2 protein chains.
Amino acid sequence: MAGRRDHATLQTIASEIGVTPSTVSRVLNSASDSSARRWASADTIRRVRESAAAHGYSPDPQAVGLRTRRSNLIGVVVPRLQDYVLATIYEGIDEAARGEGFATLVTNSLDDPKKHELVVETLLSRRVEGLILGDAHIDGTYLDTVAERGVKFVLVSRRARDFISVTCDDHLGGRLVAEHLLATGRSNIAILAGEPYASTGIDRTQGAVDALRAAGVDVSADLVVHGPFDVQGGRQATERILSRHPLPDAIFATNDFAAIGAMGALRDRGITIPDDVALVGYNDTALAAALPVPLTTVRSPMHEIGRRGLALLLAMLRDEPVESQRLTPTLVIRESTGTGRRAPAPAPVTVRDESVPQRRDARGVCHTLAACLDPPG
Amino acid sequence: MAGRRDHATLQTIASEIGVTPSTVSRVLNSASDSSARRWASADTIRRVRESAAAHGYSPDPQAVGLRTRRSNLIGVVVPRLQDYVLATIYEGIDEAARGEGFATLVTNSLDDPKKHELVVETLLSRRVEGLILGDAHIDGTYLDTVAERGVKFVLVSRRARDFISVTCDDHLGGRLVAEHLLATGRSNIAILAGEPYASTGIDRTQGAVDALRAAGVDVSADLVVHGPFDVQGGRQATERILSRHPLPDAIFATNDFAAIGAMGALRDRGITIPDDVALVGYNDTALAAALPVPLTTVRSPMHEIGRRGLALLLAMLRDEPVESQRLTPTLVIRESTGTGRRAPAPAPVTVRDESVPQRRDARGVCHTLAACLDPPG
DNA sequence: CTGAAAGCGCTTACAG
DNA sequence: CTGAAAGCGCTTACAG
């Protein structure tokens, strides 16, 4: 008798108060007493509700699902739940799902396409109504099969091809970082670009490269290093850079955890932040502000990405037209790019007019290079 | 038509090959062809399997569940999935569940008893067969109600009362830390004890206090500070200690993230690790080794706790007798308690015979104070 | 306002 | 070896 305890059924209530299950069902499925009056007398309604409450009745989701052909289940696939960023996005998804009467089933894919396919099949065999995928590879052809089968899904965090997605504007995020570094006098910048298949790292890197190029600064291709989005990956990528090149002005880790790994590698060589090299992370995780050297980073609305992903998927399930969403990141400046301990930053050599004051917003953030170069209002 | 695509049913296959759904069901539910021979001819078996494969048939879990009165669903409640430790434990749970044909439904309770009750009700209304709870409060009376209802559950990570649990031996972990600190010459120790309702922090603290007391060292009660098990909590607890007391010899943060917070607070005051103060964390998360100052910490088998929790619950569901399990932690010594930069540690003043060499294992870990005090083999 | 009936997809005695 | 039937708990036309 594995585990299932006794739950009251419609029949329990029906026979207790002397009506049929049909009536009980209709009353319990009515939003309000007044709408229930279409189906039952005031007295019946009261007695149904009382009995249901007394028994702690809740409809059997398996029976409801079988009858209505719906599961109220959403499948979620993430690279790894251990990753703070994905865990936070998932929290957003689950919270929103709960609010809409859905439950979610999550699984790790470890960014392995084979495992991804496997877990998607498992999810589908559980009859999830749709999928939210946080592990898309930018050219992921394996998404085609699931799309062709008519499965509805939305991507979160990472975009891929033309599939519907909710992302942060990672290109903008990269630009904000590069412009901040330029504004503080750095132009020789190494980038920890993350996995080559993740649009997050790709776009953040490209955004930075584009902004630098717009300022006349070229990023050396071998200062752009790929690797896992975690502490270990950041450490190794940084070690690779340090072993082959003279120390750059700044390191842009496209992930906070990679930035922490970079800190470790830098410290091993006695290199201090920000005096010897500036360091920037990405995501503004809970750690960033509390690190020994507080980390300049880009805040991305992780929780909101999850919430919106769920909302978008539900819209798709209702066959409403939907469009991809791109949320806005904000730069958060802390000591790791600190100007406090450093000689006043010279303007980047490539800027044409050094006399032009930089334009910054109220938080001291210089939002676009163009704005920085424009003469003030 | 929200989302559900067409799935082949037993009827699809049955009519295709000219048998009844009963036969198809029996064949498909047979483990092997030979056992299926009890139910069908070799030819029928072959044709059923072929047709099922061609259609990508998978049984509808709602129908199966309705009929068999089982959901193959396990509910999991954690304080917060954003927490690396709980996320890792959950990965262990889900992995094991998957292997046993179960799926899991996770939710955060944020350690709020009200929310806990709410999410448990939601899980139960989804007809989970049992629960794994990672958010138990040590005297949590609210577990009684669920127990009285006959719901089977096991606790993971934290123990409470006499409920079945899978934990790490936190008392031992605390002892290992204290003995290591004593062995490196520290005896004035502050403890970031975590939330007062979590057995993890309580036991780790008690283990340390007991070991110190056994060495004749008393821990001042106001050097034991409670607070959240996260970066922010660790930072605040440390600030409280620093503002009210002279600097202790060592800080034992009963959680790695709290230790990172402590690092931040120490750095703000220009206090260096390990020269001015030693710092110890707990859990050996991926961060510990890669931090600017690599963190001495205690490794706890988080993933294994999850796996075993699931195994224990399944045993309970089969009405097998089960007992709580307590897994063994190991001390991992790194620079944050480093001896390299520090004058050779004097033996703690309270140790009776200073001439007795300390006994250590191959990894340089002194496992029990008793062992340390015994003369070598 | 209420009931009787069908049926979602499955499993499993009961017959043969 | 195979089928016909019942029934898990629900919802929802169809009748009245």
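Just so we're on the same page: letters track the sequence lines, and every chain starts at 1. Worth saying up front: this structure is predicted, and the values here are computed from it rather than measured.
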Student: Verify the distance criterion only: is there a donor paired with an acceptor across the side chains of B:Ser41 and B:Thr44 at less than 3.5 Å?
Tutor: yes
Student: Considering all heavy atoms of both residues, which atom of A:Thr122 and which atom of B:Arg98 are nearest to each other, and what is their separation?
Tutor: CG2-NH1, 3.7 Å
Student: Centroid-to-centroid, A:Tyr84 to B:Tyr84, below 6.0 Å?
Tutor: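 When the ring centroids of A:Tyr84 and B:Tyr84 are compared, they turn out to be at least 6.0 Å apart.
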Student: Answer with yes or no whether the side chains of B:Glu195 and B:His137 bring together a donor and an acceptor at under 3.5 Å.
Tutor: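 No, B:Glu195 and B:His137 have no side-chain donor paired with an acceptor closer than 3.5 Å.
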Student: Starting from P on C:dG9, measure out to CG on B:Asp60 and report it in whole angstrom.
Tutor: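 My rounded result for the distance is 7 Å.
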Student: Going by atom types alone, do A:Tyr57 and A:Ser51 pair a side-chain donor with an acceptor below 3.5 Å?
Tutor: no
Student: Which is more 5' along DNA chain D, the nucleotide nearest B:Ala42 or the one nearest A:Leu10? Just name the residue.
Tutor: B:Ala42
Student: If the threshold is 4.0 Å, N to carboxylate O, is there a salt bridge linking A:Asp60 and A:Arg67?
Tutor: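 Between A:Arg67 and A:Asp60 there is no salt bridge, as every charged N stays at least 4.0 Å from the carboxylate O atoms.
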Student: Evaluate side-chain hydrogen bond (donor to acceptor under 3.5 Å, both in side chains) for A:Ser32 paired with A:Ser34, printing each intermediate quantity in order.
Tutor: CA-CA 5 Å; A:Ser32 66; A:Ser34 55; 3.0 Å; yes
Student: Take the protein atom NE2 of B:His7 and the nucleotide atom C1' of C:dG9, then report the distance between them rounded to whole Å.
Tutor: 12 Å
Student: Report the distance from atom CG of B:Asn72 to atom P of C:dC10, rounded to the nearest whole Å.
Tutor: 15 Å
Student: Expected output check: what is the dot-bracket annotation of DNA chain C, where ( ) and [ ] are pairs inside the strand (brackets for crossing ones), | is paired with another strand, and pairs are Watson-Crick or G-U under 3.5 Å?
Tutor: |||.||||||||.|||
Student: At under 4.0 Å between heavy atoms, which parts of nucleotides 2-8 of chain D does protein reach? Answer with one letter per nucleotide, 5' to 3': B base, S sugar-phosphate only, - none.
Tutor: BBBBBBB
Student: Between the side chains of B:Thr12 and B:Thr9, does any donor sit under 3.5 Å from an acceptor?
Tutor: yes
Student: Please find the pair of heavy atoms, one from B:Lys152 and one from B:Met316, that lie closest to each other, and give the distance.
Tutor: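 The answer is NZ-O, 3.0 Å.
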Student: Checking B:Arg37 against B:Ser30: is there a side-chain donor and acceptor pair closer than 3.5 Å?
Tutor: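 Side chains of B:Ser30 and B:Arg37: no pair found under 3.5 Å.
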Student: Where do B:Leu123 and B:Gly75 come nearest, in terms of heavy atoms and distance?
Tutor: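 Minimum heavy-atom separation between B:Leu123 and B:Gly75: CG-CA, 3.8 Å.
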Student: For DNA chain C, which residues in residues 48-59 of chain A have a heavy atom at a distance below 4.0 Å?
Tutor: none
Student: Given atom CD of B:Gln62 and atom P of C:dC10, what is their separation to the nearest angstrom?
Tutor: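 From B:Gln62 CD to C:dC10 P: 11 Å.
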